[in-house]
Structure formats: structure tokens, C-alpha cells
J.: 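The structure's right below; bear with me while I get my questions together.
These numbers come from the heavy atoms of this one structure, side chains and all, not from hydrogens, waters or symmetry mates. These figures come from a predicted structure and were not determined experimentally. Ligands are counted one by one from 1 in listed order, and the atoms in each one are counted from 1 as well.
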Amino acid sequence: MLQSALLLTIIAFILKPERSQTLVCVTPNELKTRIFDSVSRFQGNKIPFNPAMPGWEGSNVEFNVSKMETLQKNIFLTHDSQHILTMKLSGKQIKKIDEGAFIALDCLHELLLDHNNMSKLSRNTFQGLYNLQKLDLSYNRLEYLPDLAFTSLQKLKILNLSRNRIRSVQSLAFENLILLEDLNLEFNQLETVDVDVFRSLRSLKSLMLAWNGLTNIEPEKWSGLETLENLDLAGNGLNHFDPNYNFSFSALKTLNLSGNFLTKLNVEALNKHLPSLGFIDLNDNPWVCTDLESIVHDLNVSKVKFASRNSSTSTVSGIACSEVPIFMSKTNIEDVISSTTKKSEDWSVKNYVEGIVEKKIKESNVGVISSIRYLQSLVIFLFVLIALV
Ligand SMILES: *[C@@H]1O[C@H](CO)[C@@H](O)[C@H](O)[C@H]1NC(C)=O
Ligand SMILES: *[C@@H]1O[C@H](CO)[C@@H](O)[C@H](O)[C@H]1NC(C)=O
Ligand SMILES: *[C@@H]1O[C@H](CO)[C@@H](O)[C@H](O)[C@H]1NC(C)=O
Ligand SMILES: *[C@@H]1O[C@H](CO)[C@@H](O)[C@H](O)[C@H]1NC(C)=O
Ligand SMILES: *[C@@H]1O[C@H](CO)[C@@H](O)[C@H](O)[C@H]1NC(C)=O
Ligand SMILES: *[C@@H]1O[C@H](CO)[C@@H](O)[C@H](O)[C@H]1NC(C)=O
Ligand SMILES: *[C@@H]1O[C@H](CO)[C@@H](O)[C@H](O)[C@H]1NC(C)=O
């Protein structure tokens, strides 16, 4: 394990793209977008993208093309392409990106590839983009993240991988992303996370892992993340969050644990090991009111604020709870979910709801324990989602 990690790190070092030392990326005073009707028009471009050059018409590029299934090697190589600053390739039905597709885009700092049809990334997909700061890969069909997938992107700050079908992340997938601040992995199908997977992320501020199938994670053992301020674990299958450890992310300020299966929380230990925590969301967990009262009391004493919602049923300070533990049958849950999902043909909605329910059913050995509150809020959430689709 360690040996292969070392080997890959060495390979990454050897493969590190040559930096062009002389190129100076110029920021224009004015944002201007050039829209190309076809890739061949773009390739035949004669007008500079460098704002310092006469005849400049813009450094932001978009394509008015409905379909670009494969991005071949060097596809964006054209006159002065090294000075393009942003490129929008959203919703182009892209399925495949060949290695070296983004070569000659040395100054690019934003690349939008959301709403496409990509199922795979390779180690050299983003080769050459060493000034990239924002990469949007949301709404694709990625299933796993290989080792060194983003290794060229040493200036990346924002990475959006939400709404894919990611089930596994290799332990060196995020290697070299030392400036990354914002990592979004919401709405995927992760069930577990390797404890070392975040170890390179020494500038990360926000980690969004909401709406996956996480049941079996140990955030207390994650390495890296020394600068993390915001952790979102909402809508997963967690039945415990153990604060009896020194977390690597002891600077954490906000924590979202809503929509899980928590019935206990040790606030005193939480406060001790996450001393900067100022805000927590504990809604939509199957709390028993008497337990919740003491949790809320301890939060109050520790000066940790918590999210509260107006609710028609019994609450403690705005957090719903039940007087007795709620037991629900598998059939009940399935009825609630199917009445919701039938209304939408969107695969992603069905997929993750079924995934989560299945997970929660499998996980529980006392038949099925679930919170009606949680399911109701899930239903409301789904309606909002469907309305947006
Ligand atoms: C995009 O192309 C279509 C059809 O070719 C055209 O009608 C439309 O005006 C173009 N849009 C822009 C923004 O250039
Ligand atoms: C994406 O790919 C799948 C299977 O390859 C296909 O069924 C689907 O129509 C594609 N969607 C788009 C928007 O191209
Ligand atoms: C992806 O996430 C980033 C930041 O987390 C956000 O700015 C961007 O709008 C998201 N993309 C889409 C398509 O929602
Ligand atoms: C926590 O996550 C849930 C579910 O995604 C969301 O509805 C809620 O607004 C989040 N809480 C906060 C305080 O952002
Ligand atoms: C946690 O950190 C404290 C102070 O740095 C140290 O004394 C203690 O041994 C650590 N505990 C664990 C379980 O690592
Ligand atoms: C929390 O503390 C405030 C005063 O600091 C008090 O007014 C409030 O009733 C307390 N709430 C709970 C639920 O203990
Ligand atoms: C909750 O309800 C009360 C009265 O019904 C209202 O005054 C308050 O603004 C509501 N709060 C939220 C966050 O909706």
C-alpha cells in the first residue's frame, strides 16, 4: 500500500508537465466571451486571446454546438490558445476525453464540463492545465476516481464532482491538490471513504459529502484537512459520530449531520475535540426527545449554535423528535419512497433514494428503524428537486 503510494508519487513527479517559464497570463479589464459555431472555426481562429494584443475580442470561450462526443488530443490547439482564460463545455454530451485534449491551454483558470456524459477519467485527462483554479465535473456519470486523476492541477481551488455515480475513490485520487479549498462530492454513491484519501488537501475549507450512502466512515481517523472549516455529511446513513478523538480537522466551524440515523451525540467530547465548532445541524435524525433535550442543553452550555426548523410535531428547540423510538417496516418506507420517485423519471433521484433506503434497511438489524420526520423531509426535498429538474 505504502510502497505503491510512494511509487505513484514518484511517477507523478516524473510526469509533471514542463512549465513554460516565459508565458505571462494577462487578465483583461473587461470580461468578453467569444462564441464559436464549430470546433473547426475555433481551430481556424486568427484573432489573439491575449488581451494585450491588438484585435483582441475576448479570452472566455464558449461553443454554440450541441454535441461534442469525444474531445481528441490537441482539439483546443489554435492560434494564441494558451491565453484563453475560461472555457465552457457544459451540456455538450461529451462522453470521452482523450489524453492531451487540453494541451495548449496554459492560462486556463476555469473549465466547465458539467452536464455531460463522461463515465471515466484517466491520469492524464487534465494534463497541461497547470493554471486551472476551477473545474466543474458535476452532472456526469463518473463511477470512480482513479489515483492521480487531478495530479496536474496544482493550482486548483474548486472541484465540483457532485451528482455523478461515484462509488469509489482511490486513495491517491486527490494527490497534489494542495491549494484546493472547496471539494463537492454531494449526490454520489459513496459508501465508505479511505482514511488517507484527503491527506494532500492541506488548504481545504469546505468538504461536501452530503447525500451519499455513507454508513461506515470514521471521520475521526481521516488524515489531512487541517484547515477544514465546513463539513457536510447530511443525508447519509450514519448512526454514530464519534467525537472521542483528536480530529485532523480541529479547526472545523460548521458541521451538518442532518438526515442521518443518529440517536446519540456526546457534546462534551465534541466540544473538546472540535473546539472551534460554532454551528451544527442535527435535524431529521431519529432523536428521542429526552435524549435530545440533554444534547440541546449541552450545546447551549458549550455555545454551539444549532439549526432549528418550525415543525408541526414535537420538537426540542425546533429540532423534531419523538417521545418513543420509532419503528417502521420496510413496506412503510418503500411506500413513502415509491410514491415520491414515481413522479420523476430522473434516474439520479431514483438511484440515490433507492440506494439510501436499501442501505438503511440492510444496516439495521432490529428490522427497520427509521424516522418518519426524516422521510417526510426527504419527500419535500425530492419535490423541490423534481421541480428543479
Ligand atoms: C447558436 O446557433 C443557432 C443555430 O445555428 C443560432 O440560431 C443561435 O443564434 C446561435 N446562438 C448564439 C448565441 O450564437
Ligand atoms: C449518455 O449516454 C447514455 C449511454 O451511453 C445514453 O443512453 C444517453 O442518451 C446519453 N445522454 C446524453 C445526454 O447524451
Ligand atoms: C459546482 O460546485 C461549485 C462550488 O461548490 C459551484 O460554484 C457550481 O455552481 C457547481 N456547479 C453546478 C453545475 O451546480
Ligand atoms: C444541512 O443539510 C441539509 C440537507 O442537505 C440541508 O437541507 C440544510 O439546509 C443543511 N443545513 C445547513 C445549516 O446548511
Ligand atoms: C489528543 O491531543 C492531546 C493534546 O495534543 C494529547 O495529549 C492526546 O494524547 C491526544 N489524544 C489522542 C487520542 O491522540
Ligand atoms: C439556552 O440558553 C439561553 C440563555 O443563554 C436560554 O435562554 C435558553 O432557554 C437555553 N435553551 C435551552 C434549550 O436550554
Ligand atoms: C417559526 O414560526 C414562528 C411563528 O409561527 C415565526 O414567527 C418564525 O418566524 C418561524 N421561523 C422560521 C425560521 O420559519
Side-chain angles (χ1 to χ4, degrees), residues 32-39 41-42 57-58 60-68 86 88-92 94 109-116 118 132-140 142 156-164 166 177 180-188 204-212 214 229-238 241 252-260 262 277-285 299 304-311 318-320 348-349 352-353 356 371 373-385 388-389:
K32 271 176 96 173
T33 303
R34 290 180 61 189
I35 301 174
F36 294 88
D37 285 343
S38 68
V39 173
R41 290 242 170 116
F42 170 85
E57 289 183 0
N60 302 355
V61 169
E62 289 182 19
F63 292 89
N64 190 7
V65 173
S66 59
K67 203 164 180 175
M68 292 176 108
T86 73
K88 184 170 174 181
L89 297 168
S90 312
K92 302 290 179 215
I94 298 167
H109 67 67
E110 178 176 307
L111 178 58
L112 306 182
L113 284 163
D114 55 284
H115 294 90
N116 279 299
M118 281 180 283
L132 202 67
Q133 293 180 20
K134 175 173 175 177
L135 177 59
D136 197 337
L137 288 163
S138 61
Y139 296 90
N140 274 282
L142 299 174
L156 200 67
K157 287 191 177 158
I158 301 176
L159 178 56
N160 192 345
L161 288 160
S162 66
R163 296 184 192 260
N164 278 275
I166 300 168
L177 295 178
L180 196 70
E181 291 177 4
D182 194 328
L183 177 57
N184 190 342
L185 281 160
E186 284 179 346
F187 294 97
N188 277 290
L204 203 70
K205 294 210 172 98
S206 177
L207 177 56
M208 317 292 270
L209 285 164
W211 302 100
N212 276 277
L214 298 172
E229 292 178 1
N230 175 31
L231 176 60
D232 189 349
L233 289 167
N236 280 290
L238 305 180
F241 186 86
L252 199 73
K253 291 182 181 160
T254 67
L255 177 60
N256 195 339
L257 291 172
S258 72
N260 278 287
L262 302 176
L277 192 69
F279 189 85
I280 192 165
D281 192 337
L282 295 172
N283 285 286
D284 303 324
N285 279 283
L299 287 172
V304 176
K305 294 198 166 58
F306 49 88
S308 60
R309 292 186 195 152
N310 275 347
S311 155
I319 303 176
S348 61
V349 173
Y352 84 75
V353 172
I356 288 173
S371 147
R373 290 258 61 72
Y374 166 63
L375 285 168
Q376 283 175 344
S377 78
L378 186 64
V379 169
I380 293 167
F381 175 80
L382 286 171
F383 281 128
V384 174
L385 198 73
L388 290 174
V389 168

J.: Quick check on contacts: which atoms of ligand 3 are under 4.0 angstrom from a heavy atom of K134?
T.: 7 (O)
J.: Check whether any side-chain N or O of N285 sits under 3.5 Å from a backbone N or O of N260 as a donor-acceptor pair, and report yes or no.
T.: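 Answer holds: yes.
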J.: Any N/O of N64 closer than 3.5 Å to an N/O of ligand 1?
T.: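 N/O-N/O distance below 3.5 Å exists for this pair.
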J.: Heavy-atom distances under 4.0 Å are what count here, so tell me which part of A210 touches ligand 4: side chain, backbone, both or neither.
T.: neither
J.: Among all the protein's heavy atoms, is there at least one whose distance to atom 14 (O) of ligand 1 comes out below 4.0 Å?
T.: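 Under the 4.0 Å cut-off, atom 14 (O) of ligand 1 does have protein heavy-atom neighbours.
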J.: Under 3.5 Å, is there a donor-acceptor pair between the side chain of N160 and the main chain of L135?
T.: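 Checking the backbone N and O of L135 against the side chain of N160, no donor-acceptor pair under 3.5 Å is found.
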J.: Under a 4.5 Å cut-off applied to non-hydrogen side-chain atoms, are L204 and L183 in contact?
T.: yes
J.: Work out whether the distance between some heavy atom of S258 and some atom of ligand 4 is less than 4.0 Å.
T.: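 Yes.
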J.: Applying a strict 4.0 Å limit to heavy atoms, is M208 in contact with ligand 3?
T.: no
J.: Closest by any non-hydrogen atom to atom 11 (N) of ligand 4: pick that one out of L233, D284, D281.
T.: D281
J.: Nearest to atom 3 (C) of ligand 3, what protein heavy atom do you find, and at what distance?
T.: N160 ND2, 3.5 Å
J.: Please tell me if atom 9 (O) of ligand 1 is touched by the protein, where touching means a protein heavy-atom distance below 4.0 Å.
T.: no
J.: Does a side-chain N-to-carboxylate-O contact under 4.0 Å join R309 and D281?
T.: yes
J.: Tell me: protein heavy atom nearest atom 4 (C) of ligand 3, and distance?
T.: I158 CG2, 3.9 Å
J.: Under the ring-ring contact (aromatic ring centres under 6.0 Å, His included) criterion, do F306 and F279 qualify, and how do the steps go?
T.: CA-CA 5 Å; F306 49 88; F279 189 85; 8.4 Å; no
J.: Does atom NZ (K92) have a neighbourhood of more than 12 heavy atoms from anything else shown, all under 6.0 Å?
T.: yes
J.: Say whether D114 and S138, considering side chains only, have a donor N or O and an acceptor N or O under 3.5 Å apart.
T.: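 No, no side-chain donor-acceptor pair sits under 3.5 Å.
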J.: Any idea which atoms of ligand 3 are less than 4.0 Å away from a heavy-atom of S138?
T.: 11 (N), 12 (C), 13 (C)
J.: For atom 12 (C) of ligand 3, which candidate among D182, D136, L161, D114 holds the nearest heavy atom?
T.: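 Checking each option, the heavy atom nearest atom 12 (C) of ligand 3 is found in D136.
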J.: Measure the shortest side-chain to side-chain distance between L231 and N256 over non-hydrogen atoms and say whether it is less than 4.5 angstrom.
T.: no
